[in-house]
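Here's the structure we're looking at; comments come further down.
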Number of protein chains: 2
Amino acid sequence: MSNLIDRLRNKGVVLTPQRLAVVEFLKKSTTHPTVNEIYKVLRKKYPMMSQATVYSTLELLKRIGEIQELSIRKDKACFDPNPKLHHHLLCRKCEKILDIEVNCPIIKKGKVKRCEVEEVQAYLYGICPACLKKEHGKKE
Amino acid sequence: MSNLIDRLRNKGVVLTPQRLAVVEFLKKSTTHPTVNEIYKVLRKKYPMMSQATVYSTLELLKRIGEIQELSIRKDKACFDPNPKLHHHLLCRKCEKILDIEVNCPIIKKGKVKRCEVEEVQAYLYGICPACLKKEHGKKE
DNA sequence: CTGATTGCAAAAGGTTTGCATGAAT
DNA sequence: ATTCATGCAAACCTTTTGCAATCAG
């Protein structure tokens, strides 16, 4: 965690308590939270925190390549503390977002079909292993 | 086009003039239009057409598998008359959306990493061939 | 006829923006 | 002093919803 803070400092980021709170919460999280989820949790500890600050901090972290934003949900953005290229599945049963670590030889950065690809997001929709297992007992 | 209409009838779709207008416009289009783009064009010919009807018709066409919805733009939905699995690139220069017809062995429907994948959307962000060509002359 | 569809307008929800306050250097 | 971040609230846009009027079969 402390080398994350060093990294931010080196990138010239002014580290306010609010920003630290967002960074720390997000880097610990494994659930790809939305802005509002982050805001609601942090507000308990930092009652003066505003949603606009959460937005601007996430924008900043995205810009410097510390996190990535997902549009896998149609209605709102989710955030992933891991900025490296990987894919995601949204489970239609439990609504959770899972990281999908596969090395796709085609859907990747670089030249694809004469295009210069700089960023990739692959969104899979279906059922996660946990919900598949639950279904095995039932009919359906 | 007439076998499209037959197909809709066979699926039990009530064919109103508004729905026909949306279907015909979208099936001819190659630009992945947004709801508002569709609405603005159709309103010229059908002044009584409402945006709510465009929304509901697109929802209907999606449900019966005639079109697909893209979330490649962060702010609004785009629609693709081709419901088959294929991928897309959003060019950051011209803002156009291109179809990317590649056969990815990994990002596909079926079993992926112990998940049951029912739908796939791969969104590539970068520069399209036309804009790349334009850049060649310039320094950049 | 009768249920489905339409159009209108309002509501909802997420995101962005403007500006005054406040903190840091 | 000056710059930059914050918080608040309003504004903005897209999408959804409710309902009365209308239409398709």
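First the proteins, then the strands, lettered A, B, ... as listed; each starts at 1. What you see below is based on every heavy atom in this structure, not just the backbone, and it leaves out hydrogens, waters and symmetry mates.
A straight line from CG of A:L58 to P of D:dT6 spans 12 Å, rounded to a whole angstrom. In this structure, OH of B:Y46 is placed 12 Å from P of C:dG7, rounded to the nearest angstrom. In this structure, A:M48 places its CE atom 14 Å from C1' of D:dC8, rounding to the nearest Å. Protein atom CG of A:L8 is 18 Å distant from nucleotide atom P of D:dC4, rounded to whole Å. Between A:L70 atom CG and C:dT15 atom P there is a gap of 12 Å when expressed in whole angstrom units. Put simply, CG on B:N10 is 14 Å from P on D:dG25, counting in whole angstrom units. For the pair B:R43 CZ and C:dG7 P, the computed distance is 12 Å after rounding to whole Å. Separating the CG atom of B:L42 from the C1' atom of C:dG7 is a distance of 15 Å, rounded to the nearest angstrom.
Of the possible polar contacts, none joining the B:E66 side chain to the B:P83 backbone as a donor-acceptor pair under 3.5 Å is found. Looking at B:R73, its side chain does come within 3.5 Å of a backbone N or O of B:E95 through a donor-acceptor pair. Side-chain N or O atoms of A:Q68 include one that pairs as donor or acceptor with a backbone N or O of A:N82 at under 3.5 Å.
Sequence order on DNA chain D of the closest nucleotides to A:P47 and B:V13 puts A:P47 first from the 5' end.
Residues from residues 14-21 of chain B placing a heavy atom under 4.0 Å of any atom in DNA chain C, listed by number, are B:V14, B:T16, B:Q18, B:R19.
Clustering ILVMFWY residues whenever any of their side-chain heavy atoms sit less than 4.5 angstrom apart, transitively, puts B:F25 in the very cluster that holds B:M48.
Not counting sequence neighbours, the partners of A:E69 by the side chain to side chain donor-acceptor pair (under 3.5 Å) test are A:K62.
The environment of A:K11 atom NZ is dense: over 12 non-hydrogen atoms of other residues, nucleotides or ligands sit within 6.0 angstrom.
Taking only side-chain nitrogens and oxygens, A:S50 never comes nearer than 4.0 Å to OP1 or OP2 of D:dT6.
Between B:Y123 and B:H88, the ring planes lie tilted relative to each other; the angle falls in the 30° to 60° range.
To the nearest 0.5 Å, the span separating CD1 on B:I64 from CG on B:L60 amounts to 5.0 Å.
A salt bridge links A:E116 and A:K111; the closest N-O separation between the charged side-chain nitrogens and carboxylate oxygens is under 4.0 Å.
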What are the atom names and distances for every N/O pair under 3.5 Å that joins the protein to nucleotides 14-18 of chain D?
| from | atom 1 | to | atom 2 | distance (Å) |
| --- | --- | --- | --- | --- |
| D:dT14 | OP1 | B:K76 | NZ | 3.4 |
| D:dT15 | OP1 | B:A77 | N | 2.9 |
| D:dT15 | OP2 | B:Y55 | OH | 2.7 |
| D:dT15 | O5' | B:Y55 | OH | 3.2 |

